[in-house]
Amino acid sequence: MWKFPGGLSEPGEDIGDTAVREVFEETGIKSEFRSLLSIRQQHTHPGAFGKSDMYIICRLKPYSFTINFCQRECLRCEWMDLSDLVKTENTTPITSRVARLLLYGYREGFDKIDLTMEELPAVYTGLFYKIYHKELPDSYKTMTGMD
């Protein structure tokens with residue numbers, strides 16, 4: 001079955017950093033985090049150590065294209081055209097859905113599907129957090145009052 005690379009976050013590791021690391025470990029492809037695309041929530045997942053599982057899919061920008069895949073984790077690894085991935089029956093339901101989502105973003109603009117990341121100051125002095133959301137228009141980013 002075809003699927004996207006993935007794996008568990010290390011303690012304290014940000015979502016985008018996990019995606020970049022896992023893609024590199026499994027494929028040898030260097031990349032940069034661009035956005036969060038979707039979240040799958042599943043309870044009683046057999047590999048989640050008795051916890052509810054959140055599977056987060058990110059959109060990355062590749063900086064290298066030569067695949068050098070990890071044979072311990074993958075049987076096969078290749079670049080696929082999204083149109084072909086959408087049509088294949090030999091994939092997981094989440095891979096098929098995300099391929100359709102990516103194809104839509106590619107054709108109509110990724111702004112229609114991306115959840116972008118912004119770092120904001122926390123209420124605790126000196127700490128920051130990351131928030132993922134649809135991009136706000138500039139006029140709403142600096143809005144101070146209600147019109």
Side-chain angles (χ1 to χ4, degrees), residues 1-48 51-122 128-147:
M1 302 275 288
W2 290 108
K3 67 172 219 48
F4 295 110
L8 300 173
S9 291
E10 300 293 338
E13 186 176 42
D14 288 332
I15 293 167
D17 295 336
T18 299
V20 167
R21 177 181 55 75
E22 284 290 340
V23 165
F24 181 74
E25 287 176 3
E26 293 183 19
T27 68
I29 303 293
K30 294 181 180 178
S31 61
E32 173 187 309
F33 174 80
R34 299 308 300 245
S35 72
L36 192 144
L37 291 175
S38 68
I39 301 170
R40 181 209 69 204
Q41 181 180 24
Q42 183 176 353
H43 305 292
T44 64
H45 185 280
K51 308 286 184 192
S52 293
D53 181 55
M54 302 286 277
Y55 182 72
I56 300 170
I57 297 181
C58 302
R59 185 169 69 85
L60 306 178
K61 177 181 179 178
Y63 286 124
S64 62
F65 296 90
T66 302
I67 295 172
N68 183 16
F69 73 94
C70 175
Q71 295 181 359
R72 290 186 318 274
E73 295 195 46
C74 307
L75 295 174
R76 196 166 145 201
C77 185
E78 66 183 63
W79 289 102
M80 291 183 85
D81 187 276
L82 285 172
S83 299
D84 294 336
L85 186 57
V86 164
K87 293 180 218 167
T88 188
E89 293 180 12
N90 193 20
T91 188
T92 64
I94 194 167
T95 299
S96 178
R97 176 60 58 93
V98 170
R100 286 172 170 75
L101 184 65
L102 284 165
L103 190 59
Y104 173 64
Y106 179 75
R107 290 178 176 170
E108 305 295 328
F110 286 112
D111 62 309
K112 298 203 181 330
I113 64 169
D114 284 347
L115 296 178
T116 59
M117 183 277 295
E118 185 175 358
E119 191 170 77
L120 297 174
F128 293 85
Y129 62 87
K130 293 181 178 177
I131 183 170
Y132 297 84
H133 57 81
K134 293 286 289 174
E135 186 69 33
L136 281 173
D138 287 339
S139 61
Y140 279 81
K141 287 180 183 177
T142 57
M143 182 183 282
T144 57
M146 298 300 290
D147 294 341

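All residue numbers in this chain count up from 1 along the given sequence.
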Could you report the tightest heavy-atom contact between [X] and [Y], atom names first, then the distance?
| X | Y | result |
| --- | --- | --- |
| C77 | I67 | SG-CG2, 3.7 Å |
| L101 | L37 | CD2-O, 3.8 Å |
| E13 | T18 | OE1-OG1, 2.8 Å |
| L60 | A19 | CD1-O, 3.9 Å |
| S31 | V23 | OG-CG1, 4.4 Å |

Check this for me: [X], atom [atom1], are more than 12 non-hydrogen atoms of other residues, nucleotides or ligands nearer than 6.0 Å?
| X | atom1 | answer |
| --- | --- | --- |
| R21 | CZ | yes |
| Q71 | CD | no |
| L8 | CG | no |

For the atom pair [atom1] ([X]) and [atom2] ([Y]), what is the distance rounded to the nearest 0.5 Å?
| X | Y | atom1 | atom2 | result |
| --- | --- | --- | --- | --- |
| F33 | D14 | CZ | CG | 9.5 Å |
| C58 | I39 | SG | CD1 | 9.0 Å |
| M1 | L75 | CE | CG | 13.0 Å |
| L102 | R100 | CG | CZ | 12.0 Å |
| I113 | Y104 | CD1 | OH | 8.5 Å |

- Message: Are I15 and S9 packed together at the side-chain level, in the sense that at least one heavy-atom pair is separated by less than 4.5 angstrom?
- Response: no
- Close side-chain approach of S64 and I29, heavy atoms under 4.5 Å: yes
- Message: With side-chain contact (heavy atoms from CB on, under 4.5 Å) as the criterion, how do K134 and L115 come out once you've worked through the C-alpha distance, each side chain's angles and the decisive distance to 0.1 Å?
- Response: CA-CA 5 Å; K134 293 286 289 174; L115 296 178; 3.9 Å; yes
- With I131, which residues qualify under side chain to side chain contact (heavy atoms under 4.5 Å, CB included), at least two apart?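 Checked I131 against side chain to side chain contact (heavy atoms under 4.5 Å, CB included); matches are E118, L120, Y129, H133.
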- Pairing residues for T95 by the side chain to side chain contact (heavy atoms under 4.5 Å, CB included) criterion, not counting sequence neighbours: K3, F4, L85, T91, T92
Taking only residues at least two apart or on different chains, which pairs with a member in [range] satisfy salt bridge (charged side-chain N to carboxylate O under 4.0 Å, His left out)?
| range | value |
| --- | --- |
| residues 26-44 | R40-D53 |
| residues 69-78 | R76-E78 |
| residues 107-116 | R59-D114 |

- Query: In chain order, what residues pass the ring-ring contact (aromatic ring centres under 6.0 Å, His included) check against F65, with sequence neighbours excluded?
  - Reply: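 In terms of ring-ring contact (aromatic ring centres under 6.0 Å, His included), with neighbours along the sequence ignored, F65 is linked to W79.
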